[in-house]
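Below: one structure, written as structure tokens.
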Amino acid sequence: MSKVKYRYNPETLSYDRIQKGFNYYFTRISIYLTSFLILGVILYFVYPYIFESPKEKRQAREIQQLLSQYDIMNKKLDQVESVLEDIELRDENIYRSIFQADSIPKTIRRAGFGGVNRYEHLEDMDNKELVTKTARRLDIVMKQLYVQSTSFDEVIELAKQKDEMIRSIPAIMPISNNDLRRTASGWGYRIHPIYKVRKFHYGMDFTAPTGTEVYATGDGVVSKITNEVRGYGKRVEIDHGFGYTTLYAHMNEFNVKMGQKVKRGEVIGYVGNTGTSTASHLHYEVIEKGRKVNPQHYYFKEELTAEQYDRMIQISSNSNQTFD
Ligand SMILES: [Zn+2]
């Protein structure tokens, strides 16, 4: 029951009962409604700043989970990188060196992606550093894997050619030299027999009587035959493939023709004294990928004892004059 209200009327000197009309109620309801409305609007805008909605709570939890997933991913990437590094090391030091393949430079193995910023679309993320770092690491690992797999393709191809390669690489001495008496002068600075100055001797000289058989030191194809008055005199070159060429100089006579296929041990000519030469001898060179190398390292097939090998090295390095 609502209370009845009265108002004092000075004219009639009495209390009049207050009649609550439509206006009274309308005003009251309007005030209430407006207040609720204002409160509602305020709450609507302020609430999210103070309290999270269930959706926001779920999203926050998700972000947290994603971040920890990124952490786990980065730890796994650490492992992947270290396994890959180990594989690369083995690739370089074992597989590629067995097959004498060129090493793959670190700059290629570790190459990133230059030029355009591949991670631009991630720039406006709150956690852009973590995300771009991870994306970049993944990209690099992918590229590393690609380089590694092509390297293995190459090694597999080389392994398939292994037999041919073993037959082709120069691996014996070019003349019969069982007692090493024919080793005369080796690789390095020597006094030139004619010019009498110190010159680098890019091969190995074997003294032997004119007419001694000269052998191909590996399978290959005769790639050059020249007959010069000076220099190498009568010279044969054999292309063995796999980057190897051998050169036989100062011969007396050829036993092969240009383009002829030869087998290791096959007689390609006979020792002589042609070209710039002071005595009957064979000058022998091994050329690997266009670079002359010490033939001494290419006598794998010789059955030399350790002692004989030492003696050969001694003989070939002691001599201070070549036969050129
Ligand atoms: Zn020589």
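Since the model is a prediction, treat every value here as computed from it, not as a measurement. Both ligands and their constituent atoms are indexed starting at 1 by order of listing.
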Checking distances from the Zn ion (ligand 1), one finds that the N, O or S atom of Asp205 closest to it is OD1
In His283, the N, O or S atom nearest to the Zn ion (ligand 1) is which?
ND1
Answer whether the closest heavy-atom distance between the side chains of Gln296 and Trp187 falls below 4.5 Å.
no
Hey, are the side chains of Tyr284 and Val214 touching, using non-hydrogen atoms and a 4.5 Å cut-off?
no
Apply side-chain hydrogen bond (donor to acceptor under 3.5 Å, both in side chains) to residues Asn127 and Tyr70 and explain how you reach the verdict.
CA-CA 10 Å; Asn127 295 293; Tyr70 264 98; over 6 Å; no
With respect to the Zn ion (ligand 1), please indicate if His250 possesses an N, O or S atom at a distance under 2.8 Å.
no
What orientation do Tyr244 and Tyr298 show, parallel under 30°, tilted 30 to 60°, or perpendicular over 60°?
perpendicular
